[in-house]
Amino acid sequence: MILPLHSTLRERILHALRDRYSLDEASLPSVVIEYPPQRRMGDLAVTVAFELARTLRKSPRVIAQEIVETIGAKSELGRLEATGAGYLNLFIDRPAFCRAWLGGIAAAAPSGDAVKTIVEHTAINPNKAAHVGHLRNAALGDTLCRLLTYRGASIEVQNYIDDTGVQVADVIVGLRVLEDKSLDEVVALADEDRFDYYCWDLYARVTTWYEEDEARLSHRRDTLHDLEHGVAPTSKIGAIVTDRIVRCHLRTMSRFGVEYDLLSWEGDILRMQFWDRAFEILKSTGTVFLQPEGRLAGCWVMPIDESSAEDEDVSDDAADALDTRLKVIVRSNGTVTYVGKDIAYQLWKFGLLGQDFHYRLFGYQDSGRPLWATTSGDPSTDGTQGPVPAFGQAGAVYNVIDTRQSYLQQLLIQALTALDHPDEAERSVHFSYEMVALSKATAQALGYQTEDNGRPFVEVSGRKGLGVKADDLLDQVRDHAEQEVANRQVDLDAEGRRRIATIIATAAIRYFMVKFSRGKVIAFDIDEALSFEGETGPYLQYAAVRARKILQKLETELALDRDAILTGLDALPSEGLDDEEGDGLWDLVLEASRLDEVAEQAVRTLELSVLAKYAFGLAQRFNTFYHSSPVRAEERETVRRWRAVGVLYFESQLTRALDLMGCEVPERM
RNA sequence: GCGCGUGUAGCUCAGUUGGAUAGAGCAACCGCCUCCUAAGCGGUAGGCCCCAGGUUCGAAUCCUGGCACGCGCGCCA
């Protein structure tokens, strides 16, 4: 763990600045700590001397030297050196660092703020199978949850189920009109395997069917109405379809190691009349108002704050502009728009609505974790699952939703502000990311006609049935992994091969989903996803497996188990660690120690790819070390021991980094 | 039109709060399995960091103005 050392170094320097230059708090610069481009220059670098050059009217180099004089070149941290044009570089005392921090490998994670935090992710329309786009959402959302938990927050994971929306209505239309199914037939069908796949195709057919004759859209309208008002048999069919599809999604996600605490059903928001309450609040505060005339006559609207646009010289177009700056919350026919429902839901998340759902136990997940669902009916708990957790009432909320909904998420935050909840608005975070498209090659391989529009990718469309289903992808990657495992682990039985292949496939896909910056469109390419070489999940797993193998050998052949490796480091001479020979080992240890810093950065910037990149770089360093520095075969006991320490620490940190991304390490591969 | 995002090696992408010689992976080429697993390692080659100004001791990074591409802007969600 490197952050405590950062803090100590930072404090030392600030202290020195106060002492030496009598700087007051306001004029103290921020002490930026970074890593020199080459290890021989030092382990940490501070650039504060550059920033002070102007105010102190001295050259950075002189300032750096004076700071070193003030602090003292040698300390228990290591050796501080003024170098280059004014850098302040620290050479960490390697043995001291290892003794201080590696002994506590199992020590608790650093704590960020311990506020209760709700993360909403996945939220797939419950009308068809999950596809690669949903996988990006879930992988990011789940990794975010794990990171926040690692940093000490208490997390509640919610999966929003839009069971009263257009997409569900369309599949119901497909079942009833195109397929002419009765309620009983739908029940039977929904219990069959891969009902989500069936609906995938049906949904695409309905889309085509509408396109053939627009008048058919009346079926959608009627179905939507019946869904919202609980009219049988539509509402009954809707309940069956969405329940079964949600269970399909949960099974798919569990294959990726993704679990939830609560399923929030939109229908419950309607039936619990959350909206009525929210509407009262919005009206009484003047956040929404009735539009008396014009294009939006009869609608309750919310003004859209576009204060981000700085030049306010809207002279002539003022009236016109005013019109476009209104967002309809309640339609003139009295129905609520999506934004309205979302405002109510968001208020509930923060405990600001003054109302609560009822809850039912939905089931238990792979890890044994209970999964709850909202309900508007009888809670009907049988009492065996213990008390209902206190859902909602969060201090912070993250909504993991793709970037296309930025505008609406912005409105949500704006509504909170208008309702005089600035703190909640501040802690209402839209975790946005770009969509997943298909590479041309992959789209063609799937048999889709791709017109040559000059774009390098083809947009996924659930509506058209164009996309790679999540389960298909996992199956395919797993089969490939199984082949690879069979090639290498000939003594393993089929079950063992399958188990390991599954772990590898999950890591391959999850790593693939987080390694890109969130602002980048992923042009999903099946060949790329199937690759296990280079910057991939399996590469990381392989490094961890190798490290474990070394530890295993040390234990079985030299009776050096994990405890023994860490025992008595105080008395161990530093041979093989702080000499030139130990540079590679030290490089590995220092990098391994940065996990806390990287986790902090990932959460601060919401850029989870930094975690992926870090883990990859760490694995690379290990592989370099692996090829240059034998451990078991090393004859000098001291050197062997320090290497063992490094391998142990690396294995522990990489395993944790992988776990943060929802990836396991197989026993061998 | 307005808003958001993206533009870095042949391809796919990193590049931290502005910092030292711009890095990975893939593809290409040349090497390395008596050695803790070659899903690995070493090496070669490959760059107008979209363009033009500006700020700074210092700019791929910040600011301004362009250009290109993507997404959004509905009484859909």
Side-chain angles (χ1 to χ4, degrees), chain A residues 30 32-38 41 45 47 50-51 53-54 59-60 83-87 125 162 164-167 224 266 295-296 298-301 304 306 308-309 321 324 327-333 335 337-339 341-342 402-408 410 432 434-435 437 439 454-457 459 481 484-485 487-489 504 515-523 525 527-528 531-536 538-539 541-543 545-554 557 597-598 601 604-605 607 609-610 612-613 616-617 620 623-624 626-628 630-634 647 668-669:
Chain A
S30 62
V32 174
I33 295 177
E34 50 196 43
Y35 296 86
Q38 286 175 26
M41 298 174 177
T47 56
F50 293 101
E51 296 194 40
R54 181 172 289 265
S59 81
T83 183
Y87 293 96
N125 271 298
D162 181 6
T164 57
V166 173
Q167 296 211 17
L224 215 41
E266 181 169 277
R295 192 167 58 85
L296 301 177
C299 296
W300 287 85
V301 298
I304 298 168
E306 288 173 318
S308 52
T324 60
K327 177 67 195 174
V328 172
I329 305 297
V330 180
R331 303 182 187 101
S332 54
N333 67 4
T335 56
T337 61
Y338 162 81
V339 187
K341 283 181 269 191
D342 229 29
D402 79 60
T403 185
R404 285 174 293 193
Q405 295 209 29
S406 294
Y407 175 68
L408 294 161
Q410 200 48 49
S432 73
E434 263 292 355
M435 60 175 180
S439 76
R455 282 179 221 157
F457 51 78
E459 194 173 349
E484 297 289 328
V485 173
N487 291 343
R488 284 156 237 245
Q489 310 289 339
I504 292 171
K515 78 172 181 175
F516 300 96
S517 305
R518 61 195 170 94
K520 222 108 182 182
V521 175
I522 296 181
D525 188 84
D527 289 334
E528 212 181 320
S531 165
F532 299 155
E533 288 169 17
E535 197 197 338
T536 65
Y539 176 95
Q541 291 174 310
Y542 188 58
V545 166
R546 279 178 148 180
R548 285 189 186 179
K549 189 58 171 282
I550 292 173
L551 296 174
Q552 236 171 57
K553 292 242 171 187
L554 289 173
E557 295 175 17
E597 179 195 348
V598 169
Q601 188 195 339
R604 190 185 70 237
T605 61
E607 190 47 87
S609 62
V610 303
K613 299 286 177 187
F616 175 60
Q620 274 183 314
N623 276 326
T624 305
Y626 180 90
H627 283 278
S628 68
V631 182
R632 187 197 49 173
E634 173 55 49
V647 172
R668 53 179 168 150
M669 62 191 285

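Lettering of chains follows the sequences in order, A, B, ..., and the numbering in each one begins at 1.
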Look at all strands and tell whether [X] reaches a base, only sugar-phosphate, or nothing, counting heavy atoms closer than 4.0 Å.
X: A:Leu554; value: nothing
X: A:Ala523; value: nothing
X: A:Arg488; value: base
X: A:Thr47; value: base
X: A:Arg632; value: base
X: A:Asp342; value: nothing
X: A:Leu408; value: base
X: A:Glu533; value: sugar-phosphate
X: A:Val32; value: base
X: A:Phe532; value: base
X: A:Val521; value: sugar-phosphate
X: A:Gly519; value: sugar-phosphate
X: A:Ser332; value: base
X: A:Val647; value: nothing

[atom1] gap between [N] and [M], integer Å:
N: B:C41; M: B:A59; atom1: P; answer: 35 Å
N: B:C13; M: B:G72; atom1: C1'; answer: 25 Å
N: B:A22; M: B:C50; atom1: P; answer: 15 Å

State whether [X] places a side-chain N or O below 4.0 Å from either non-bridging phosphate oxygen (OP1 or OP2) of [N].
X: A:Lys520; N: B:G70; result: no
X: A:Arg331; N: B:A77; result: yes
X: A:Asn333; N: B:C75; result: no
X: A:Arg604; N: B:U17; result: yes
X: A:Arg546; N: B:A38; result: yes
X: A:Gln620; N: B:G25; result: yes
X: A:Thr624; N: B:G42; result: yes
X: A:Tyr539; N: B:A24; result: no

Report the nucleotide, chosen from [options], that has the shortest atom-to-atom distance to any side-chain atom of [X].
X: A:Glu484; options: B:C13, B:A39, B:A77; value: B:A39
X: A:His627; options: B:G25, B:C41, B:C75; value: B:C41
X: A:Tyr407; options: B:G72, B:U12, B:C76; value: B:G72
X: A:Glu528; options: B:U12, B:U17, B:G15; value: B:U12
X: A:Lys613; options: B:G42, B:A14, B:C75; value: B:A14
X: A:Glu459; options: B:A77, B:C71, B:G40; value: B:C71
X: A:Arg54; options: B:C41, B:G15, B:U56; value: B:U56
X: A:Gln601; options: B:U16, B:G25, B:A77; value: B:U16
X: A:Met669; options: B:A39, B:G19, B:C36; value: B:A39
X: A:Phe50; options: B:A77, B:U17, B:C57; value: B:C57

Nearest 0.5 Å please: distance from the CD atom of A:Glu434 over to the OG atom of A:Ser517. 11.5 Å
Classify the side-chain pair A:Glu607/A:Ser609 by whether it contains a donor and acceptor separated by less than 3.5 Å. yes
Are side-chain heavy atoms of A:Glu34 and A:Thr47 found at a separation under 4.5 Å? yes
Got A:Ile550 and A:Arg632 here, is their nearest side-chain heavy-atom distance under 4.5 Å? no
Syn/anti state for B:C41 [syn: chi within 90° of 0]: anti
Is there a donor and acceptor pair, one atom on the side chain of A:Glu34 and one on the base of B:U17, closer than 3.5 Å? no
Pairing partner of [N] (Watson-Crick or G-U wobble, both distances under 3.5 Å):
N: B:G5; value: B:C69
N: B:A77; value: none
N: B:C62; value: B:G54
N: B:C32; value: B:G40
N: B:C48; value: none
N: B:G10; value: B:C26

Answer yes or no as to whether B:G19 has its base stacked against A:Tyr87, where stacking requires a ring-centre separation under 5.5 angstrom and planes under 30 degrees apart. no
